[in-house]
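Each chain gets a letter, A, B and so on, in the order its sequence line appears, and its residues count up from 1. Keep in mind it's a predicted model, so treat the numbers as computed, not measured.
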Protein chains: 2
Amino acid sequence: MAQKGISRETVLRKAIELIERNGTAALSMRELAEALEIRTPSLYNHVKSMGELYADISRYAAEELRQAQLAAIKGKSRDEALGALASAYRRFAKEHTGLYKVTVSLSDLRDDASGQAAAAIAEPIFLALSKYGLDEEQMIHWQRILRSIIHGFLTQEEAGFFRHYPASVEVSYQMALRCFLSGLHAEIEGGQYEGQ
Amino acid sequence: MAQKGISRETVLRKAIELIERNGTAALSMRELAEALEIRTPSLYNHVKSMGELYADISRYAAEELRQAQLAAIKGKSRDEALGALASAYRRFAKEHTGLYKVTVSLSDLRDDASGQAAAAIAEPIFLALSKYGLDEEQMIHWQRILRSIIHGFLTQEEAGFFRHYPASVEVSYQMALRCFLSGLHAEIEGGQYEGQ
DNA sequence: TTATATAACTAACAGCGTTAGTCTGTCAAC
DNA sequence: GTTGACAGACTAACGCTGTTAGTTATATAA
């Protein structure tokens, strides 16, 4: 019955901790309450609903991923920056599997929150692409393409799709990035993608 | 109490129907039973568990996606085949959103089933890539890269990541494919990806 | 006609997120 | 120092989820 010094912050931190330790599936109101040494309904004194909590976690995760990318491209430019960004992105997904999954499942967030999170994740890529002298529309296209490659790769790697074939996953990832860079350079130099 | 002519087949078909109509989230044992005009526990006379049912649906969805790809590349070769495959893949994901999502979440299947499904989806890409004269390891790499692009793109499009920026999603997709093809041709002609 | 297997049923359990209503410990005001 | 109010804990309960056990009725084979 005594006040236990639990706040919205505390709950959020503990939820993140549980996700980091045991994965997304292990996060339930019951587990969360137990970890905080509280009865389940008491959580609702600090958090409106599971969905809202998830939105908070998602915001946090997006910000972490953004910071990881920003740190990676800092002081670097163009191809070097993009390479570092891609590596940092993959490292983040591997080291924070649970958080990355939350980042991915933005679909069921309210539109404003989802937009914010999406922008936070996309920003570093725009930053790195800005050194190539593309116009705004082309930047959007190439940002989408790079994110597709990176995210698609990581999703499938996580899902175990790459386990069934005997070829280095790391090499595949490097090749994918070089494929992107060669396409990007072809656009800039040859302009072969224009008029579409 | 009368026998109602329900079989494992019937249940599977109805489950797929529900997913197609109302999305993955709408599939529950209760809804499924109701649609079949049966009490929920009666389902267990035909299906062992929700997980097993999901595995069956997943197998079905993977086969459908495989057929869509095979039909697309039939009679075509190389770049034309890959273009058609990519378009068919996206069309499938758009027209069968629920089924495609099931296809994606193979991760929690048993390993053998997941391997089968993954192979079914990957096969058409291998088929289309086989006309480029790549060795086996390179085929695996390029298959992974193409799947990453396609799947990553579709996942993010579905999640609404592309809604926030004013540029044609269709054009982005076409550019992504051309990016892949130019990278692939650079590999074949220049051999610039060797020795990695 | 009888026996057996199939497939329906009801009742129940443990888990989930969530709400309503209650009690209590802490802090501010008089 | 006593009182009042609020924050934060509680218990009890609801409807949902998947699932199991045990029972009953029907259809088919002997």
- Nearest nucleotide by nearest heavy atom, which residue falls closer to the 5' end of DNA chain D, A/P41 or A/H46?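 Nearest-nucleotide comparison on DNA chain D picks A/H46.
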- Taking the six-membered ring for Trp, are A/Y165 and B/F126 ring centroids under 6.0 Å apart?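 Yes, close enough.
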- Message: So if I apply the side chain to side chain contact (heavy atoms under 4.5 Å, CB included) rule between B/Y132 and each of B/E187, B/H185, B/Q138, which one comes out positive?
- Response: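 Of B/E187, B/H185, B/Q138, side chain to side chain contact (heavy atoms under 4.5 Å, CB included) with B/Y132 is met by B/H185 alone.
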- Query: Which of these passes side chain to side chain contact (heavy atoms under 4.5 Å, CB included) with A/E20: A/I16, A/N22, A/L18?
  - Reply: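 The residue from A/I16, A/N22, A/L18 that satisfies side chain to side chain contact (heavy atoms under 4.5 Å, CB included) with A/E20 turns out to be A/I16.
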Distance in angstrom units between [X] [atom1] and [N] [atom2], rounded:
{"X": "B/I6", "N": "C/dC9", "atom1": "CD1", "atom2": "C1'", "answer": "13 Å"}
{"X": "B/R30", "N": "D/dT19", "atom1": "CZ", "atom2": "P", "answer": "16 Å"}
{"X": "B/L43", "N": "C/dT10", "atom1": "CG", "atom2": "P", "answer": "14 Å"}
{"X": "A/L27", "N": "C/dG15", "atom1": "CG", "atom2": "C1'", "answer": "15 Å"}
{"X": "B/M29", "N": "C/dA14", "atom1": "CE", "atom2": "P", "answer": "20 Å"}
{"X": "B/E34", "N": "D/dC16", "atom1": "CD", "atom2": "P", "answer": "10 Å"}
{"X": "A/E37", "N": "D/dA9", "atom1": "CD", "atom2": "C1'", "answer": "14 Å"}
{"X": "A/M50", "N": "C/dG17", "atom1": "CE", "atom2": "C1'", "answer": "9 Å"}

Quick one: which of [options] gets closest to the side chain of [X]?
{"X": "B/S42", "options": "D/dG18, C/dT18, C/dA8", "result": "C/dA8"}
{"X": "B/S28", "options": "D/dG18, C/dC16, D/dC10", "result": "D/dG18"}
{"X": "B/Y44", "options": "D/dT20, C/dT18, C/dC9", "result": "D/dT20"}
{"X": "B/I38", "options": "C/dT18, C/dA8, D/dT19", "result": "C/dA8"}

- Do the numbers put A/R144 on top of the ring of B/F162, so that NZ or CZ is under 6.0 Å from the six-membered ring centre and no more than 45° off the axis?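 Flagged: A/R144 positioned over aromatic ring of B/F162.
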- Is there a donor and acceptor pair closer than 3.5 Å between the side chain of B/N45 and the base of C/dA8?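 Looking at the base of C/dA8, it does pair with a donor or acceptor on the side chain of B/N45 (distance under 3.5 Å).
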- Just checking B/S49: base, sugar-phosphate only, or nothing, at a heavy-atom cut-off of under 4.0 Å?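 The residue B/S49 makes sugar-phosphate contact but no base contact.
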- Message: Under a 3.5 Å distance rule, please check whether A/S87 uses its side chain to pair with a backbone N or O of A/G83 as donor and acceptor.
- Response: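 Between the backbone of A/G83 and the side chain of A/S87 there is a qualifying donor-acceptor contact (under 3.5 Å).
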- Query: At under 4.0 Å, does any side-chain N or O of B/R39 touch on OP1 or OP2 of C/dT10?
  - Reply: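 Answer is yes, contact under 4.0 Å.
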